[in-house]
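The next block holds one structure in the form of structure tokens; read it before the comments.
The chains referred to below are lettered A, B, ... by the order of the sequence lines, with proteins before strands, and numbering in each begins at 1. Excluded from the calculations below are hydrogen atoms, water molecules and symmetry mates; all remaining heavy atoms, backbone and side chain alike, are included.
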There are 2 protein chains.
Amino acid sequence: MLKELPQGEGLMGKGVDTIVEAVLGGVTVGMNPSDCPVRDVLDHIGGKWSSLILLNLKARPHRFGELKRAIPDISQRMLTQTLRDQQRDGLISRHVFPTNPPSVEYRLTDLGDSLIVTLSPLMAWAVDNHSHILKARAVFDDHG
Amino acid sequence: MLKELPQGEGLMGKGVDTIVEAVLGGVTVGMNPSDCPVRDVLDHIGGKWSSLILLNLKARPHRFGELKRAIPDISQRMLTQTLRDQQRDGLISRHVFPTNPPSVEYRLTDLGDSLIVTLSPLMAWAVDNHSHILKARAVFDDHG
DNA sequence: CGGGATCCTTTCTGATACTG
DNA sequence: CAGTATCAGAAAGGATCCCG
């Protein structure tokens with residue numbers, strides 16, 4: 001829930017940390033550009049493929065090729081790269097089975113699972129409100 | 001809340017729409033790349049500045065210069081552009097006062113407000129779990 | 001004050017070819 | 001099968017100058 005914000009001089013001129021702190025409620029957040037947790041997370045899930053991969057892994061563990069088939073329009077390069085990033089962030093884990101040919105399975109970690117649980121209301125909002133957005137765009141584009 | 005997903009053949013080879021439908025619960029979602037509501041929204045809030053602007057406007061209406069000062073490291077160009085995009089999407093409204101010099105005020109619309117309310121749990125998650133992510137990265141970068 | 005227009009650099013993404 | 005390496009185009013972002 002959002003917290004009541006101070007009025008009057010308010011947040012003006014105090015930098016972003018004050019705002020986030022005010023909105024999130026007293027949490028101290030280092031706001032040195034690269035330290036901002038909000039942007040750090042949003043930049044990742046905002047990527048073109050991250051959420052789609054997490055959704056697939058939420059369903060069940062997947063092998064590399066399975067993911068590739070489940071998300072037909074992803075390139076091999078981006079799949080590899082996104083998986084690496086998510087593994088690096090501790091959102092997914094990678095398990096190699098030394099069979100022949102090799103087999104690699106990806107699965108959601110607890111951290112990744114908690115992220116997608118938190119993310120799902122936002123996805124629901126997107127579905128629910130997409131028509132509003134499209135309509136607003138049409139109006140804006142038509143006359144201004 | 002997330003829905004139980006079918007096992008067995010599951011989602012493999014059925015395309016992304018099936019997954020989103022399964023996870024979000026029976027909503028029919030056209031998944032032609034540009035039609036996906038989830039990606040459409042995520043691409044926007046994932047931008048470098050969108051969430052920060054929305055947070056500021058959540059606190060109270062802001063004038064252009066106020067926003068610029070509140071977010072010191074944004075360039076004038078990106079501020080203008082992001083505001084236009086959000087206005088186009090119906091998330092914020094723009095009010096011009098024909099004073100001299102001119103004054104323009106931006107404020108959150110109801111739609112924008114509902115978005116940031118939905119978004120705030122995710123921001124809280126980011127704050128709460130950022131240390132986990134940083135730690136995972138350190139481990140990953142150290143050895144693999 | 002609130003931008004628009006332009007140029008330039010960085011980052012992202014896709015296509016293609018090759019490998020253990 | 002599950003990647004790596006390389007290249008090229010597209011897009012995002014920043015710096016600067018200009019205007020009513």
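The side-chain heavy atoms of K135(A) and H132(A), taken from C-beta on, include no pair separated by under 4.5 Å. Side-chain contact between H95(A) and V104(A) is absent, with no heavy-atom pair separated by less than 4.5 Å. Using a 4.5 Å heavy-atom threshold, the side chains of L115(A) and L122(B) count as touching. The shortest side-chain heavy-atom distance between R63(A) and S103(A) falls under the 4.5 Å cut-off. Within the 4.5 Å cutoff, the side chain of F64(B) has heavy atoms near those of the L83(B) side chain.
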Can you list, pair by pair, the side-chain donor-acceptor contacts under 3.5 Å of residues 41-54 of chain A, counting residues two or more places apart and other chains?
| unit_1 | atom_1 | unit_2 | atom_2 | d |
| --- | --- | --- | --- | --- |
| H44(A) | NE2 | D89(A) | OD2 | 2.8 |
| H44(A) | NE2 | R137(B) | NH2 | 3.3 |
| S50(A) | OG | H44(A) | O | 2.7 |

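The CZ atom of R84(B) sits 11 Å away from the P atom of dA5(C) (whole-angstrom rounding). Remark: C1' of dT13(C) and CG of L79(A) are 13 Å apart, rounded to the nearest angstrom. Whole-Å rounding puts the I71(A) CD1 to dT13(C) P distance at 13 Å. Following rounding to the nearest Å, L83(B) (CG) and dG4(C) (P) show an atom-to-atom distance of 10 Å. Residue K68(B) contributes atom NZ, which lies 13 Å from atom C1' of dC1(C) at whole-angstrom precision.
Formation of a donor-acceptor pair under 3.5 Å by the D113(B) side chain with backbone atoms of T109(B) is not found in this model. Formation of a donor-acceptor pair under 3.5 Å by the K68(B) side chain with backbone atoms of L79(B) is not found in this model. The backbone N or O of W125(A) lies less than 3.5 Å from a partner atom in the side chain of N129(A), making a donor-acceptor pair. Side-chain atoms of H62(A) come within 3.5 Å of backbone atoms of R60(A) as a donor-acceptor pair (strictly under, hydrogens ignored).
Each end of the helix from dC1(C)-dG20(D) to dG20(C)-dC1(D) gets its own rotation axis from five pairs of C1' atoms, and the angle between them is 40° to the nearest 10 degrees.
Each of T80(B) and P102(A) was matched to the nucleotide of DNA chain C holding its nearest heavy atom; the match closer to the 5' end belongs to T80(B).
Each of F140(A) and L134(A) belongs to its own hydrophobic cluster when Ile, Leu, Val, Met, Phe, Trp and Tyr are linked at side-chain heavy-atom distances under 4.5 angstrom.
Near DNA chain D, meaning a heavy atom under 4.0 Å away, the residues from residues 90-100 of chain A are R94(A).
Read 5' to 3', the first and last nucleotides of DNA chain D with an atom closer than 4.0 Å to a heavy atom of chain A are dC1(D) to dT6(D).
Counting only residues at least two apart or on different chains, the salt bridge (charged side-chain N to carboxylate O under 4.0 Å, His left out) pairs with a member in residues 95-105 of chain B are E105(B)-R107(B).
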Protein-nucleotides 14-18 of chain C N/O pairs closer than 3.5 Å?
| unit_1 | atom_1 | unit_2 | atom_2 | d |
| --- | --- | --- | --- | --- |
| dG14(C) | OP1 | K48(A) | NZ | 3.2 |
| dG14(C) | OP2 | W49(A) | NE1 | 3.4 |
| dG14(C) | O6 | R77(A) | NE | 2.8 |
| dA17(C) | N6 | Q76(A) | OE1 | 3.4 |

- Message: Working note: D40(B) + H130(A), criterion side-chain contact (heavy atoms from CB on, under 4.5 Å); need CA distance, chi angles, decisive distance, verdict.
- Response: CA-CA 8 Å; D40(B) 200 7; H130(A) 197 223; 2.7 Å; yes

